[in-house]
Structures are given as C-alpha cells and as structure tokens.
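In what follows, a single structure is set out as structure tokens and then discussed.
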Amino acid sequence: MTTQTNGTATNKGDKFANMGAAAGGFVGGLAGSMAPPVTINVNRGSVPQQGGRPHAEALLPAPDFSSPALVRQYCNTLRAAGVALSIEVAMAAEIMQGILAAVPDPQGRAFGSRIRAQKVTRKMRKSADALRDAAKNAAACYSTFQQEFEEEINRVRHRARRPQRPQMNWDQQ
C-alpha cells in the first residue's frame with residue numbers, strides 16, 4: 001500500500017523499516033558512548049599456514065617426555081590450546097545459533113527456528129565444554145605428575161643446584 005506524502009509515493013513498510021534503522025543507530029550510538037573503547041591484538045606467530053589454519057601437529061609440541069620440563073611444556077601447551085579452542089568453539093556456537101534462529105520455520109510455528117537452532121548448537125556447546133575439560137585435565141596431569149614423581153624430581157633438583165659460594169665473615173678478624 002502506497003501513500004502520497006509531499007508529492008512522492010512511499011511504502012508504509014519502508015516507513016517502519018526506516019524507524020527501526022533510526023532506533024538501531026540511536027541505540028548503537030548510545031552504547032558506543034557508554035562502553036570504553038576496546039582494542040584486540042591477535043598475534044598469529046610464525047606458524048606457516050597453508051590454506052588457512054595450522055594442522056593439529058602445529059598446535060602441540062612433539063610428545064617427548066624425557067624430562068620434567070618437557071612434560072610441563074607439553075601439558076601447558078595442551079592447556080593453552082584447549083582454552084583457546086573452547087572459547088573459539090563457544091563463540092562459533094553462539095554465531096551459529098543466531099544465524100539458524102533467523103531462518104524462517106517451514107511450518108510457521110512461533111519460535112520454531114529458535115528451538116531447532118538450540119538443538120543444533122547444543123552439540124557444539126558440548127564440544128566447547130569438552131575442550132575446556134581437556135584444558136583442565138592437562139593442568140591436572142602435570143600436577144599429578146609432580147605429586148607422583150616428587151621424589152625423583154627432588155633428587156635431580158638437589159644435584160642441579162649450584163654450590164654455594166663461601167661467604168665472608170666480617171666478625172672474624
């Protein structure tokens with residue numbers, strides 16, 4: 001349905017679309033003035049990338065457990081990768097749910113697409129939770145290693161210490 005306004009034809013649907021855009025601009029401008037500016041720096045490192053993302057071998061060091069330092073390095077790297085991947089997968093689940101919820105429901109049910117989107121993204125959220133649990137278990141692995149092999153670690157630490165230098169005793173003259 002079109003109406004005449006000042007000699008031009010306008011569509012009523014366009015009028016409401018423009019009001020929504022104006023309200024969105026106002027809310028976005030208001031939120032921008034209330035929120036502090038945020039800068040995100042991403043350091044990809046010097047990992048050669050072929051076609052996008054690195055392979056799994058690039059995420060973790062070689063499984064060489066010949067010293068306590070290498071065990072600690074492997075567990076820390078696994079923990080860091082698990083945390084980073086769990087955050088990325090959780091964000092992907094939110095994005096996927098937003099996109100799938102916007103797809104019209106074929107039966108025309110109210111909130112039908114939202115329910116279907118939640119069913120789909122539930123599995124991705126479980127994946128994010130599993131990655132977070134893997135990070136926790138990697139940290140627990142090194143802690144348990146320290147507890148179980150404390151005697152051997154302390155034996156080697158004792159030998160690795162530098163001998164103390166003789167100190168000057170100024171009281172003896």
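Taking the side chain to side chain donor-acceptor pair (under 3.5 Å) definition, one finds that Thr121 meets it with Arg125, sequence neighbours left out. Take Ile99 and apply the side-chain contact (heavy atoms from CB on, under 4.5 Å) test, not counting sequence neighbours, and it matches Ile95.
A distance of 11.5 Å separates CD of Gln118 from OG of Ser113, quoted to the nearest 0.5 Å.
Shown here for Ala101 and Ala117, the closest heavy-atom pair between the two residues is N-CB, 3.7 Å. Taking every heavy atom of both residues into account, Tyr142 and Pro68 meet most closely at CE1-O, 4.0 Å. Across every non-hydrogen atom of Val120 and Met96, the tightest pair is CG1-SD, 3.9 Å. The heavy-atom pair separating Ala90 from Ala128 by the smallest distance is N-CB, 3.7 Å.
Cluster partners of Leu70, using a side-chain heavy-atom cutoff of under 4.5 Å among ILVMFWY residues and allowing indirect links: none. Members clustered with Val83: Ile87, Met91, by chain and number, using a 4.5 Å side-chain heavy-atom cutoff among hydrophobic residues.
Within the structure, every pair that satisfies the side chain to side chain donor-acceptor pair (under 3.5 Å) test and touches residues 66-83, not counting sequence neighbours, is listed here: Asp64-Ser66. Residue pairs that meet the salt bridge (Lys or Arg N to Asp or Glu O under 4.0 Å) test with at least one member in residues 97-107, sequence neighbours left out, are Asp105-Arg109, Asp105-Arg116. Applying the side chain to side chain donor-acceptor pair (under 3.5 Å) rule to pairs touching residues 126-135 yields Asp129-Arg132, sequence neighbours excluded. Applying the salt bridge (Lys or Arg N to Asp or Glu O under 4.0 Å) test to residues at least two apart or on different chains, the pairs with a partner in residues 142-154 are Glu151-Arg155.
Residue Phe65 qualifies as enclosed at atom CZ: its count of foreign heavy atoms under 6.0 Å is above 12.
Residues Val103 and Ile115 do not share a hydrophobic cluster, defined by chaining ILVMFWY side chains whose heavy atoms lie under 4.5 Å apart.
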